[in-house]
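As structure tokens, the structure follows; a few thoughts come after it.
One is the number of the first residue; the rest follow in order along the sequence. No experiment lies behind these values; they were computed from the predicted model shown.
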Amino acid sequence: MADCMNKGEFSFSLCKEERAGFVTPVYFWGLPDIVVRFVRQLNLTALHRNFIYHVVTFGTTTGQAHYMMQELLKRKGLWLDAKYNVRMVDVWTPIFDVSDHGKCLRKTEEAEKSIAKIAERAVARKAGNFDYLRLPYWLAHWYYLTYENQRKTKNFHVMKDRCVGCNRCARLCPEQAIECKDGFPVWTREKCTLCLKCLHHCPRFAIQYGRRTARHGQFVHPGEAAKQTV
């Protein structure tokens with residue numbers, strides 16, 4: 001989605017009976033801002049008995065992420081045939097501690113098993129609502145309202161004694177919200193989608209959000225980490 005947003009690509013033509021899947025994380029018990037903006041601009045054409053599904057990755061609860069996706073798609077005359085969940089490591093480190101990498105890797109292994117099962121269901125066009133950890137709408141909506149303030153980039157800061165000016169944070173930012181000036185990262189937008197990719201991928205753990213992330217550690221999926229070392 002981030003690549004499509006940056007390239008301005010929002011129109012896709014589906015082959016007969018082709019499956020269309022959306023895979024998104026849960027942010028503040030709802031959808032990330034970049035996902036909302038992408039789906040609002042999305043244009044799917046040549047639809048004919050296509051199986052449409054949504055997979056959410058989450059740490060504690062799915063909130064109302066599936067409901068939000070359905071509401072966005074409904075405006076385009078589309079409907080979710082299936083709603084799937086994958087529990088993963090919760091990397092929202094302003095709250096959650098990921099410093100125990102052994103524990104995180106065990107959760108990741110379990111997530112891989114869930115992904116394999118979901119892939120089988122999607123291929124078999126297994127319809128249904130498999131969202132077993134959603135919250136009441138009023139509660140999820142209340143918490144989601146706090147997202148706007150939390151995603152202000154002023155909440156980030158750089159530990160300059162650690163930063164080596166590698167520019168990885170700027171390269172990886174899906175919102176292109178970071179630039180390196182005088183050898184240090186600077187956020188050039190008031191808000192970002194708040195993926196924390198800059199924080200977790202920083203090789204020196206120089207980027208922090210708020211006051212707790214320094215002691216809560218970093219975690220990146222081993223496969224993604226390997227890509228960054230190539």
Side-chain angles (χ1 to χ4, degrees), residues 1-12 20-44 52-76 78 80 83-86 88-96 131 133-135 137-157 169-179 185-202 207-210 213 219-221 224:
M1 291 185 190
D3 288 341
C4 291
M5 291 288 287
N6 290 328
K7 295 176 182 177
E9 297 177 353
F10 302 103
S11 295
F12 302 90
F22 298 87
V23 182
T24 71
V26 175
Y27 283 13
F28 290 79
W29 299 346
L31 293 176
D33 178 70
I34 196 170
V35 173
V36 174
R37 288 184 283 121
F38 173 79
V39 177
R40 282 175 176 168
Q41 298 178 76
L42 180 64
N43 180 33
L44 293 179
I52 302 176
Y53 62 96
H54 182 209
V55 182
V56 296
T57 62
F58 71 102
T60 53
T61 173
T62 59
Q64 283 288 330
H66 284 304
Y67 173 80
M68 286 185 65
M69 178 62 77
Q70 181 59 84
E71 289 299 297
L72 289 168
L73 293 176
K74 189 188 300 183
R75 298 171 190 173
K76 300 176 180 296
L78 304 175
L80 285 175
K83 302 171 183 177
Y84 305 126
N85 300 340
V86 179
M88 305 186 84
V89 177
D90 199 323
V91 293
W92 177 240
T93 48
I95 295 177
F96 300 102
D131 182 11
L133 280 172
R134 60 188 179 275
L135 293 174
Y137 175 80
W138 67 268
L139 180 59
H141 178 69
W142 167 79
Y143 188 52
Y144 191 70
L145 290 176
T146 68
Y147 178 37
E148 284 301 300
N149 185 59
Q150 293 291 326
R151 69 189 191 93
K152 291 181 179 179
T153 57
K154 69 179 183 179
N155 295 316
F156 288 96
H157 66 275
C169 53
R171 293 197 309 269
L172 295 179
C173 179
E175 296 277 27
Q176 299 181 338
I178 303 174
E179 293 181 5
V186 174
W187 283 261
T188 57
R189 296 188 180 184
E190 181 185 359
K191 296 179 182 178
C192 66
T193 210
L194 202 53
C195 65
L196 295 190
K197 201 168 189 178
C198 57
L199 183 154
H200 288 288
H201 283 264
C202 177
I207 295 177
Q208 305 294 324
Y209 179 99
T213 55
F219 182 76
V220 177
H221 187 283
E224 185 67 17

Atom pair CZ/NZ of Arg134 and Lys83 - distance to nearest 0.5 Å
7.5 Å

Is a side-chain donor or acceptor of Gln64 paired with a backbone partner of His141 at a separation under 3.5 angstrom?
no

When you measure from the side chain of Tyr144 to the backbone of Leu31, do you find a donor-acceptor pair of N or O atoms at a distance under 3.5 Å?
yes

Please check: side-chain N/O of Lys197 versus main-chain N/O of Pro174, any donor-acceptor pairing under 3.5 Å?
no

Mind checking the CG-OG1 spacing from Leu139 to Thr61? Nearest 0.5 Å is all I need.
8.5 Å

Thr62 and Asn85 side chains, donor-acceptor separation under 3.5 Å:
no

Which heavy-atom pair separates Tyr209 from Leu199 by the least distance, and what is that distance?
N-CD1, 3.8 Å

Taking the side chain from Thr153 and the backbone from Arg189, do they hold a donor-acceptor pair closer than 3.5 Å?
yes

Stepwise side-chain contact (heavy atoms from CB on, under 4.5 Å) test for Arg37 and Met1:
CA-CA 10 Å; Arg37 288 184 283 121; Met1 291 185 190; over 6 Å; no

Please output the side-chain donor-acceptor pairs of residues 21-29 that fall under 3.5 Å, not counting sequence neighbours, one pair per line with the distance.
residue: Thr24; atom: OG1; partner: His54; partner atom: NE2; Å: 2.8

If you compare all heavy atoms of Leu133 against all heavy atoms of Thr60, which two are closest, and at what distance to 0.1 Å?
CD1-O, 4.3 Å

At their closest point, which heavy atom of His200 faces which heavy atom of Val91, and how far apart are they?
NE2-O, 2.9 Å

Within this structure, what is the CH2-CG distance for the pair Trp187 and Asn155, rounded to the nearest 0.5 Å?
10.5 Å

Using a strict 4.0 Å threshold on nitrogen-to-oxygen distance, state whether Lys7 and Asp3 make a salt bridge.
no

Roughly how far, to the nearest 0.5 Å, is the NE2 atom of His157 from the OG1 atom of Thr213?
6.0 Å

Lys76 (side chain) donor-acceptor with Leu44 (main chain) under 3.5 angstrom
no

To the nearest 0.5 Å, what is the distance between CZ (Phe219) and CG (Asp90)?
12.0 Å

Do Glu175 and Lys191 pass the side-chain contact (heavy atoms from CB on, under 4.5 Å) test, and can you show the C-alpha distance, the side-chain angles, and the key distance before you say yes or no?
CA-CA 9 Å; Glu175 296 277 27; Lys191 296 179 182 178; over 6 Å; no

Ignoring hydrogens, what is the shortest heavy-atom contact between Pro185 and Ile178? Give both atom names and the distance.
CB-CG2, 3.8 Å

Residues that Thr93 engages under side chain to side chain donor-acceptor pair (under 3.5 Å), provided they are two or more places apart
none

I would like to know whether Tyr147 and Asp33 meet side-chain contact (heavy atoms from CB on, under 4.5 Å); could you show each step before the answer?
CA-CA 9 Å; Tyr147 178 37; Asp33 178 70; 3.7 Å; yes

If I take atom CG from residue Leu80 and atom NE2 from residue His66, how far apart are they, to the nearest 0.5 angstrom?
8.0 Å

Is Arg151 reaching over with its side chain to a backbone N or O of Cys192, donor-acceptor style, under 3.5 angstrom?
yes

Are any of the side-chain heavy atoms of Leu196 and Pro94 separated by less than 4.5 Å?
yes

